[in-house]
Structures are given as structure tokens and as C-alpha cells.
Amino acid sequence: MVTAVFPAAGSSKRMGGGVNKNLLELAGEPILLRTLKTFSKVERINFLIVAVAAHEVDTVEGLLRGAQGLKPWRVTVGGSERQYSIANGLKLLPDDARIVLVHDAARPLVTVQTINEVIDAAEQFGGAIAAIPEKNTIKVIDAEGFVRYTPPRAELVSVLTPQGFRREILLQAYDRAAEENFLGTDDSSLVERLGIRVKVVAGGYQNIKITTPEDIRIAETFLEA
Ligand code: CTP
Ligand code: MG
């Protein structure tokens, strides 16, 4: 079976307003609920783990208790970095979770198809991530703000979530990162350090991360389409 872990314990600084952006409404429904409902439509997923700030545990548990159509879930306390929030969530993995997905709560427009493709590829290859071809030219720069070089765009993708892994691979990657004090910006980067090849799956340009206030409007436009 598949368990999904949702980091939702950030401080939403770029959104502003002093509230957890994952609790803001998108077309009338909280972002976190939209995300969890989409994952709950995936048959193979049997458990959802949500990491939130300590002072939000009661609020979020209340929200989820009142919601229809959710797979069984647990809420836990997150950490000061996304990676630590996920590490806390992983402590609640049920024994029967063979594949673990990690998904930003703040990506409510993810599709069931993308989730299924990540699960399939994670089962086949050990690890898989949703990504989209990079539209911009990306430069590698130095500390003085000068261009060092330009990697060929055809070799670049922008990485999204979900990211999925066989249980033992992800747990080993998190253990290793903790031992070595490695802080990554996604889950795959922890797994890559084990020497495991991670498969890239088509992610969908609508699967944006709600980050700034404009993103709410952009996401609502996607929902209308
Ligand atoms: N997240 C988390 N724990 C943290 C930091 C982030 O669980 N310590 C979660 C966020 O709640 C979000 C996801 O990771 O669902 C992606 O992070 P991001 O978009 O950066 O959210 P925030 O960190 O909350 O936003 P900001 O960086 O603007 O403060
Ligand atoms: Mg952040």
C-alpha cells in the first residue's frame, strides 16, 4: 500500500498575512483539504500524514474530522525546515506502507493521473519525481553575481511534487541525511546521495505551489478551465 506525507508546517512568509497558507481557501475550499481529497481518490493510497505547526494541530484535526471523502489520516507536528517536517511525518508510517509519497500540501492542483504515474515509477525504479520541462534558460552563477556557465536547457526540468520512493529507500535516505547534517530542498536530493537513480515523470504545468498571493488567483484560473 501507499502512504502520503504532506509537509504543511511552513511559516508562509511569502504569502504574508501571518496564517498558514494551506488553510486559505481556494474557490471556497481550504488548500490542504483540496490536496488531501485528490490523494484520497487514489485507490492504492491508504494513509495520509500531515505535518503542521504545533499550535495548529487542533485546528487542522478539527478541519479534517469535519471533511468527507478522506482516507485515514494522522496529523503530526512539523519542524523548522521542510525536511524536518517530513522526517517527523515518517515516524508515523504504517507497517504496510511499501511506497511513500511526499507532496507539498501547497500544491492543490495535482492530478490523480500524476500521482498514479509517480507511484508506478517508484514501484518500478525505486524512486520517482514529478517534473516539468524548464521554460527559462538557467545560468549557474558565482558568489560575485557573474555567470559561470549555461547548462543546456534540454537537460533541465523544474521539480515538483509528488515524489515517491520505496519505503526502505526513503527511510535510509532520511537517516543518512540526518547523520550527515545534509539539508536538501527536495526529497529526491536525499535519495540521490544513496546513488539511486530517480525516474522523472511528467508533472503538469498546473501543479503550481501556492507561494505568493497571486498564486491563489492563478490557481483559481486553472480550476475554472
Ligand atoms: N513546510 C513544512 N515545514 C517547514 C517549511 C515548509 O512543512 N518548516 C511545508 C509548507 O507548509 C509547504 C511546503 O512545505 O506546504 C513547501 O514549502 P513552502 O512553499 O516554502 O512554504 P512555506 O515555507 O510555508 O512558505 P515561505 O517559504 O514563503 O515561508
Ligand atoms: Mg519555505
Side-chain angles (χ1 to χ4, degrees), residues 3-26 29-40 45 47-64 67 70 73-93 100-111 114-115 118 129-132 158-165 170 173-174 177-178 181-191 203-220 222:
T3 289
V5 179
F6 301 90
S11 44
S12 309
K13 280 206 197 76
R14 287 169 287 179
M15 182 62 71
V19 295
N20 185 343
K21 63 186 179 183
N22 294 300
L23 302 178
L24 296 177
E25 288 190 358
L26 188 64
E29 187 169 43
I31 288 169
L32 173 65
L33 263 190
R34 284 185 176 275
T35 302
L36 299 181
K37 282 185 179 177
T38 299
F39 277 77
S40 296
I45 294 180
F47 200 59
L48 313 173
I49 298 169
V50 183
V52 300
H55 70 277
E56 289 171 343
V57 170
D58 288 349
T59 309
V60 171
E61 284 184 343
L63 176 71
L64 302 194
L70 293 185
W73 52 266
R74 285 276 301 275
V75 174
T76 190
V77 176
S80 59
E81 299 285 348
R82 180 184 181 277
Q83 184 176 317
Y84 305 150
S85 296
I86 294 159
N88 270 348
L90 292 176
K91 293 178 189 157
L92 298 180
L93 271 192
V100 183
L101 299 178
V102 179
H103 183 75
D104 292 322
R107 294 187 190 273
L109 301 186
V110 64
T111 62
T114 295
I115 298 167
V118 170
I129 60 178
I132 45 180
S158 281
V159 170
L160 319 172
T161 67
Q163 302 194 348
F165 308 91
L170 189 63
Y174 266 81
N181 278 316
F182 175 78
L183 193 59
T185 53
D186 74 344
D187 305 280
S188 179
S189 58
L190 278 53
V191 170
Y205 281 104
Q206 89 298 332
N207 184 10
I208 61 168
K209 182 161 64 65
I210 307 290
T211 305
T212 59
E214 307 80 72
D215 292 328
I216 303 261
R217 302 278 300 280
I218 294 168
E220 284 176 344
F222 277 123

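Values in this document were obtained by computation on a predicted structure and should not be read as measured data. Every number for a ligand or one of its atoms is a count from 1 in the order of the listing. The figures here come from the full heavy-atom set of this structure, side chains too, leaving out hydrogens, waters and symmetry mates.
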**Contact residues of ligand 1, where a non-hydrogen atom lies under 4.0 Å away** = Pro7, Ala8, Ala9, Gly10, Ser11, Ser12, Lys13, Arg14, Lys21, Asn22, Gly79, Ser80, Glu81, Arg82, Ser85, Asp104, Ala105, Ala106, Lys209
**Asked** How about Pro7 and Asp104: do any of their side-chain heavy atoms sit closer than 4.5 Å?
**Response** yes
**Request:** Find out whether Leu24 and Lys21 are in side-chain contact, i.e. whether some heavy atom of one side chain is under 4.5 Å from a heavy atom of the other.
**Result:** yes
**Message:** What's the separation between atom CD1 in Ile208 and atom OG in Ser158, rounded to the nearest 0.5 Å?
**Reply:** 13.0 Å
**Request:** Could you go through the side chain to side chain contact (heavy atoms under 4.5 Å, CB included) check for Thr3 and Leu101 one step at a time?
**Result:** CA-CA 6 Å; Thr3 289; Leu101 299 178; over 6 Å; no
**All ring-ring contact (aromatic ring centres under 6.0 Å, His included) counterparts of Phe39, not counting sequence neighbours** = Phe6, His103
**Message:** One thing to verify: whether Arg14 and Asp215 come together as a salt bridge, which I'm taking to mean a side-chain N less than 4.0 angstrom from a carboxylate O.
**Reply:** no
